[in-house]
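Structure record follows, encoded as structure tokens.
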Amino acid sequence: MEKQKNLFAFLPLLIVYLCLESSPAAGQSQWLDVGFTADAEESGGQFQPLLSDPTGIFSMGFLRVNSSNLDIAVVHLPSSFPVWRASPSDSAEASSSASLSFNGSLIFSGIKTGVIWSTPVTAGDRVVLLNSSNLQILKLGETNSVLWQSFDFPANTIVQNQNFTSAAALFSPNQRYSMKLGSDYLALFMEFGRGIEEPMYWKRTALQSKNLIIAGDGPLYARVETPGFIGLYQKENAPVDVVPFDSFGRGIPGFRRLTLEDDGNVRGYYWNGTVWDSDYAAITGLCELPSPCGAYGLCNAETGRCGCLDNRSNGCFPSDSGDLCRSGDEFSVLRSKGVDLGNKEVLSFVKVGNYVECEQLCVKNCSCWAAVYNNGSGYCYPVNYPVQTVVAVGDEQKMGYFKLRSAKNDGGGGDKRKRTEKALLIVGVVAAAAVAGVGVYRLRCAGRWRRRRESLDGAAPGPYKDLNSGSFRSIELVDSFRK
Ligand SMILES: *[C@@H]1O[C@H](CO)[C@@H](O)[C@H](O)[C@H]1NC(C)=O
Ligand SMILES: *[C@@H]1O[C@H](CO)[C@@H](O)[C@H](O)[C@H]1NC(C)=O
Ligand SMILES: *[C@@H]1O[C@H](CO)[C@@H](O)[C@H](O)[C@H]1NC(C)=O
Ligand SMILES: *[C@@H]1O[C@H](CO)[C@@H](O)[C@H](O)[C@H]1NC(C)=O
Ligand SMILES: *[C@@H]1O[C@H](CO)[C@@H](O)[C@H](O)[C@H]1NC(C)=O
Ligand SMILES: *[C@@H]1O[C@H](CO)[C@@H](O)[C@H](O)[C@H]1NC(C)=O
Ligand SMILES: *[C@@H]1O[C@H](CO)[C@@H](O)[C@H](O)[C@H]1NC(C)=O
Ligand SMILES: *[C@@H]1O[C@H](CO)[C@@H](O)[C@H](O)[C@H]1NC(C)=O
């Protein structure tokens with residue numbers, strides 16, 4: 001390590017660049033000091049490592065997100081899974097002009113776009129990656145202090161022993177769903193932007209069977225614990241709720257993560273040495289996901305098949321975008337019987353006398369996209385967000401009123417074409433640059449590529465929390481079937 005440090009200090013910057021860019025050994029750096037800078041390599045594969053954790057299982061570097069984008073990520077190397085990403089909603093166009101530097105703060109920038117992401121301005125001395133996958137900026141001293149850590153800014157994943165607080169949120173990679181903590185619950189939300197209040201579609205309220213939530217005693221935080229559960233805490237070692245995974249208590253040593261995925265589900269996984277085995281899903285029924293069949297889709301829980309509210313066979317009514325308020329209230333109407341909402345248990349409702357009253361609550365209100373009525377209970381559920389998938393039910397007493405935004409306001413097709421043309425242009429430029437760059441990249445620094453694989457990739461079994469199994473049995477999972 002000492003040797004490597006000296007090299008970094010004395011060799012001309014250019015050579016350091018080349019080493020960092022083209023040698024896998026560079027990914028074995030165990031820390032980055034002020035002055036560090038590295039450019040994304042055009043020929044670099046899916047992942048270009050820059051900084052390794054002490055076990056060699058995690059690495060921070062440039063991640064190619066898709067054919068055209070780059071991000072900074074911490075990757076679990078055995079699986080190539082990014083456990084953390086710096087800027088999932090705003091990544092750089094993949095080109096050799098993207099770079100990462102450290103001047104006390106970490107700065108990810110592209111020549112065309114400027115700074116894409118950076119940590120807050122800190123006077124850090126060193127960047128390290130811990131064996132927990134936590135990326136930290138340290139102020140060196142008698143006891144190093146942590147100025148910033150990636151654990152406080154999760155993307156779509158939290159890993160074992162990572163505190164998830166109410167100051168943080170998980171967002172699915174497609175940015176359509178989020179997970180947040182409330183005062184006494186953990187919940188999932190749809191994200192529409194455009195000023196639409198995020199509707200909830202799943203909620204786990206703390207059962208408080210082991211410990212009570214005390215008002216004013218600090219916010220809740222959640223953590224994935226190595227015996228295999230999500231603990232909700234207000235105070236350390238005294239969970240106010242425990243959500244057990246299928247593998248709970250089986251002594252599984254594999255590294256665990258909890259991930260909010262593009263379908264809006266949150267799943268727990270452990271690394272079994274070869275694959276990520278899933279042992280938890282917040283939502284267990286297809287039709288309870290927020291949009292398994294897309295906007296205006298109809299999900300049949302019995303057959304697991306998708307259809308459309310308007311009986312189309314070739315893609316349902318396209319109305320995932322736009323705004324009923326701004327489009328001057330132009331819409332047509334679709335009424336349907338035998339439909340229900342998958343998330344109605346967490347939506348608010350109004351009790352009304354009949355279906356017509358329910359419909360009237362929605363008709364004139366441009367922030368209302370639909371209303372679903374249960375003629376049995378008299379409950380009316382206004383849908384104050386763009387219509388997603390609804391559930392087909394046998395019960396004709398359940399009926400819905402749906403607004404169809406006038407098609408001429410749909411737009412967007414032209415934009416998409418323009419984006420594709422732009423992407424094609426970039427691919428061309430990139431290809432030319434790659435050819436020109438081949439000569440430079442041949443100049444590779446010799447390096448050792450050591451990867452210490454430990455049993456199950458270094459997942460250290462954490463302290464077993466003393467929670468008797470009897471109480472686990474009595475815990476009801478919230479994966480209730482909403483019928
Ligand atoms: C690549 O990912 C970015 C977000 O990370 C997204 O904005 C972009 O549309 C994606 N491009 C393609 C071609 O999928
Ligand atoms: C590091 O660079 C950023 C962006 O260029 C700048 O805003 C910041 O002030 C710099 N920090 C230091 C300590 O120079
Ligand atoms: C999580 O929070 C607890 C309680 O505040 C703290 O003791 C622990 O160090 C935190 N863990 C991490 C990884 O930050
Ligand atoms: C991990 O899971 C895969 C697929 O289920 C299986 O083939 C493999 O044997 C498992 N590995 C271990 C170490 O159990
Ligand atoms: C869709 O088809 C069903 C059964 O064929 C019918 O009852 C319903 O009215 C149709 N809905 C629409 C919107 O056409
Ligand atoms: C429209 O619906 C929203 C959401 O339910 C509600 O907050 C608002 O008061 C309604 N507006 C009117 C004019 O009824
Ligand atoms: C709704 O319920 C009322 C009485 O509870 C009944 O008279 C009416 O026929 C029902 N309407 C439909 C559409 O099922
Ligand atoms: C991770 O690091 C901590 C402290 O730095 C150490 O106690 C622990 O044993 C390490 N775990 C592994 C699997 O290396």
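In listed order, ligands and their atoms are each counted from 1.
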Quiz item: For Ile111, does the CD1 atom sit with more than 12 other heavy atoms under 6.0 Å from it, leaving out its own atoms?
Solution: no
Exercise. Can you pull out the closest protein heavy atom to atom 11 (N) of ligand 7? Residue, atom name and distance to 0.1 Å, please.
Key: Asn375 ND2, 2.8 Å
Quiz item: Honestly, is Arg257 close enough over Tyr269, meaning NZ or CZ under 6.0 Å from the six-membered ring centre and within 45° of the axis?
Solution: yes
Quiz item: With respect to Trp271, which candidate in Trp276, Phe58, Phe81 satisfies the ring pair (Phe, Tyr, Trp, His ring centres under 6.0 Å) definition?
Solution: Trp276
Quiz item: Any ion pair linking Glu225 and Arg256 (charged N to carboxylate O, less than 4.0 Å)?
Solution: no
Quiz item: Between Pro49, Ser59, Ser52, which is the residue that forms a side-chain contact (heavy atoms from CB on, under 4.5 Å) with Leu77?
Solution: Ser59
Quiz item: At a 4.0 Å threshold, what atoms of ligand 4 neighbour a non-hydrogen atom of Val275?
Solution: 1 (C), 2 (O), 3 (C), 4 (C)
Quiz prompt | Per atom 14 (O) of ligand 7, closest listed option by heavy atom (Glu396, Lys337, Gln397) | solution = Gln397
Practice problem: May I ask you to identify, for Val121, whether its side chain, its backbone, both or neither come under 4.0 Å of ligand 2 on a heavy-atom basis? | Solution: neither
Quiz item: Quick one: does Asn134's side chain have a donor or acceptor within less than 3.5 Å of a partner on Phe151's backbone?
Solution: yes
Self-check item: Ligand-side contact atoms (ligand 4) for residue partner Asn272, heavy atom cut-off under 4.0 Å
Solution: 1 (C), 2 (O), 3 (C), 8 (C), 10 (C), 11 (N), 12 (C), 13 (C), 14 (O)
Practice problem: Find all atoms of ligand 4 within a distance of less than 4.0 Å from any non-hydrogen atom belonging to Thr274, and give their numbers and elements. | Solution: 11 (N)
Practice problem: Would you verify that at least one protein heavy atom lies under 4.0 Å from atom 7 (O) of ligand 7, or report that none does? | Solution: no
Quiz item: So is Asn103 polar-close to ligand 2, meaning N/O to N/O under 3.5 Å?
Solution: yes
Quiz item: side-chain contact (heavy atoms from CB on, under 4.5 Å) with Leu138: which of Val128, Val127, Thr122, Leu147?
Solution: Val128
Quiz item: In ligand 7, which numbered atoms sit nearer than 4.0 Å to a non-hydrogen atom of Met399?
Solution: 13 (C)
Quiz prompt | Protein heavy atom at shortest distance from atom 3 (C) of ligand 2 | solution = Ile107 CD1, 3.4 Å
